[in-house]
Amino acid sequence: MTSHPKKSWRSAEARAALLFLAPGLSVVGVFFLIPVASAFLLAFTDFDIYALADAHNVRIVGLSNFAGLLKNPVFWTALRNTLFFVLVGGPLTVLVSLSAALLLDAKTARWKGFFRTVYFAPFVTTLVAVATVFRFLYHPRFGLLNQFLRVLHVPAVDWLGDPRWAMPAIVILAVWKNFGYNMIVFIAGLQNIPESLYEAARLDGAGAWRRFRHITVPMLAPTFLFVGVITMIGYFQLFAEPYVMTRGGPLNATLSMALFMYQQGFRWWNMGYSAAIAFCLFLLILSATIVQFLLQRTRRA
Amino acid sequence: MRRRPGIFVNLVLVAGAAVTLVPLVWMISASFMPSGQANSEPPVLLPSPPTLANYVTLFTRMNVARNFGNSLVLALTVTAGSLLFNSMAGYAFAKLRFAGRDRLFGVLIAALAIPVQIAMLPLFLIVKSLGLVNSLWGVIVPGLSGIFGIFLIRQYARSIPDEMLEAARLDGAGEFRIYRKIVLPLLRPILVTLALFTFLGSWNDFLWPLVVLTDDSRYTLPVALANLVGEHVQDTELMMAGSVLTVLPVLILFLVLQRYYVQGIMMGSVKE
């Protein structure tokens, strides 16, 4: 075989690759990568409703959007609410997911396929629709949750009307909606652990808890990292739940960063200011992701 | 003695399933209740008598068929586009050799971690400059291709044996013919998965359609439902009928094709 024809195939291949990539990469470039890059620029301008009408009205204002944010107590409220949702809702979701996966992975469990389907179903449902349903489940007088609590003689809670309970109520919805996804990932991780490890441990007289602690948990480390990062990134973007259930209330108790960004950008058209919020959210997600990777590494070392 | 843990495990599984299903079952049940029945004390769990009145109201007074149609057109168009574009790009990244391939793919994967909300403000300005605000196209076009879809196809396409493609090239088949006649049939399972992900994703999407669409008549179902909740918050049964209408299509689609869905999650979670 001579090398010449092979070479011409190669260049034909590269040309074909260009054609195959062009449509997909154009869409990703024009409608995602370029907007992401421009979002950073936007954050340093005073782009507002006047600029929307005539782009000549845009001025570069340096860091003043960020300075304004730091002075705005609503920003700090949104930040605190978002962190609460991520730091409470995230671990809770992972915990419920892992428990469900362990139960479904148990040898004694029956109708595994059925239970897996049921547990996963909430994940594919439309968030706006189930948030509407939960809004009524949380009704202080007629909601099923409070009617159930009444049977147990627990005093009624005004779930979405009480600033102390509104965010926990949204966390409950999020756990219900999302645990099925992580559960599937955990099941896959559990099935990859060789049975021989457990048998060896059993021969050494290790009980169920020690087998879990010293085999299951370390073997699942990569799964924990994946699940942790995916859940966290998703939870930082909390939006539809408060939009549908509380509009950020009561007293801004459920105002998230994304909802704050939406209100500033698309209701008041303060797009420069809104881009600064998006920028902060991005930095937050980025640093939290890096922290998770670092934690994982130190744990392994 | 050994029976006990089995009973315990299965009891917890049943209890968990009950808790998981309550919101969905109640939603369906309340959607068939006459007006006011969902707000009773003690609670009425089954509609008596069951009525279709809420659905009739949705389709006549609220004209929800239009919103249903919008959601369907959106989800189907985005799915068709992303199947074509992502399969072409994913295949190219997996199997075609060109300079800088892996570096380019690495850049895309890094960008996968950027939340879409960051892009949203400039994206709105781009869509506005294209004159697509308040048009379904403004919602469709940005969704026609995505990094995750390209990634999913690429992972799967890597398993296609190179010898097969080389043999076709020796037979004189052009690259596009190879893609259509050899690659696409082999990618079939992952294409079903991608179609399912994309359809569900754009059907359920809320924030971007909310931003782009401004007229009631252009709303997708989730946007119309959120709007309805704002206006008719007292009418629980009507809201539940709207929720059922929104959730049922994706739930049925998932139940029929869940094997592909689960497979996709497992592929997405497997690291390089």
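What you see below is based on every heavy atom in this structure, not just the backbone, and it leaves out hydrogens, waters and symmetry mates. Letters go in sequence order (proteins before strands), and every chain restarts at 1.
Both the backbone and the side chain of B/Phe176 come within contact range of chain A, with heavy atoms under 4.5 Å apart. Contacts of B/Leu221 with chain A are absent, with no heavy-atom separation under 4.5 Å from either backbone or side chain. For a residue to count as touching a neighbouring chain, one of its non-hydrogen atoms must lie under 4.5 Å from one of that chain's; by this rule A/Ile285 touches chain B with the side chain only. Within the 4.5 angstrom heavy-atom criterion, atoms from both the backbone and the side chain of B/Gln117 approach chain A. Only the side chain of B/Leu130 has a heavy atom closer than 4.5 Å to any heavy atom of chain A. Interface residue B/Leu104: only side-chain heavy atoms are found under 4.5 Å from chain A. B/Leu255 touches chain A through its side chain: at least one heavy atom from C-beta onward sits under 4.5 Å away, while N, CA, C and O do not. Of the two parts of B/Thr236, the backbone and the side chain both hold a non-hydrogen atom closer than 4.5 Å to a non-hydrogen atom of chain A. At a 4.5 Å heavy-atom cutoff, the contact between A/Phe115 and chain B is made by side-chain atoms alone. Interface remark: B/Val14 contributes backbone and side-chain atoms alike to the contact with chain A (heavy atom separation under 4.5 Å). Residue contact with chain A, scored on non-hydrogen atoms closer than 4.5 Å, involves the backbone and the side chain of B/Leu13 alike. If you measure heavy-atom distances from B/Lys95 to chain A, the contacts under 4.5 Å come from the backbone alone. Contact annotation for B/Asn39: both backbone and side-chain heavy atoms come within less than 4.5 Å of a heavy atom of chain A. Of the atoms belonging to B/Leu245, not a single heavy atom falls under 4.5 Å from chain A.
Per-residue heavy-atom pair counts under 4.5 Å with chain B were compared for A/Phe40, A/Phe239, A/Phe134, and the maximum is reached by A/Phe239. Of all the listed residues (A/Arg135, A/His139, A/Met261, A/Arg247), the one sharing the greatest number of non-hydrogen pairs under 4.5 Å with chain B is A/Arg135. Note: A/Leu137 leads A/Val96, A/Leu137, A/Leu102, A/Ile34 in heavy-atom pairs under 4.5 Å with chain B. The greatest number of non-hydrogen atom pairs below 4.5 Å with chain B, out of A/Ala106, A/Ala109, A/Gly265, is found for A/Ala109. Looking only at heavy-atom pairs under 4.5 Å with chain B, the residue among A/Thr289, A/Val133, A/Ile230, A/Val36 that has the most is A/Val133.
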Take B/Glu237 and B/Ser31 through the side-chain hydrogen bond (donor to acceptor under 3.5 Å, both in side chains) test and state the conclusion after the steps.
CA-CA 5 Å; B/Glu237 299 80 11; B/Ser31 78; over 6 Å; no
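Ring to ring, A/Phe186 and A/Phe224 are close: their centroids are under 6.0 angstrom apart.
Within a 6.0 Å radius of CZ in B/Arg177, other residues, nucleotides and ligands contribute 12 heavy atoms or fewer.
Using modelled atom types and a 3.5 Å distance limit, the side chains of A/Tyr138 and A/Asn146 yield no donor-acceptor pair.
A side-chain donor-acceptor contact under 3.5 Å links A/Ser256 to the backbone of A/Leu259.
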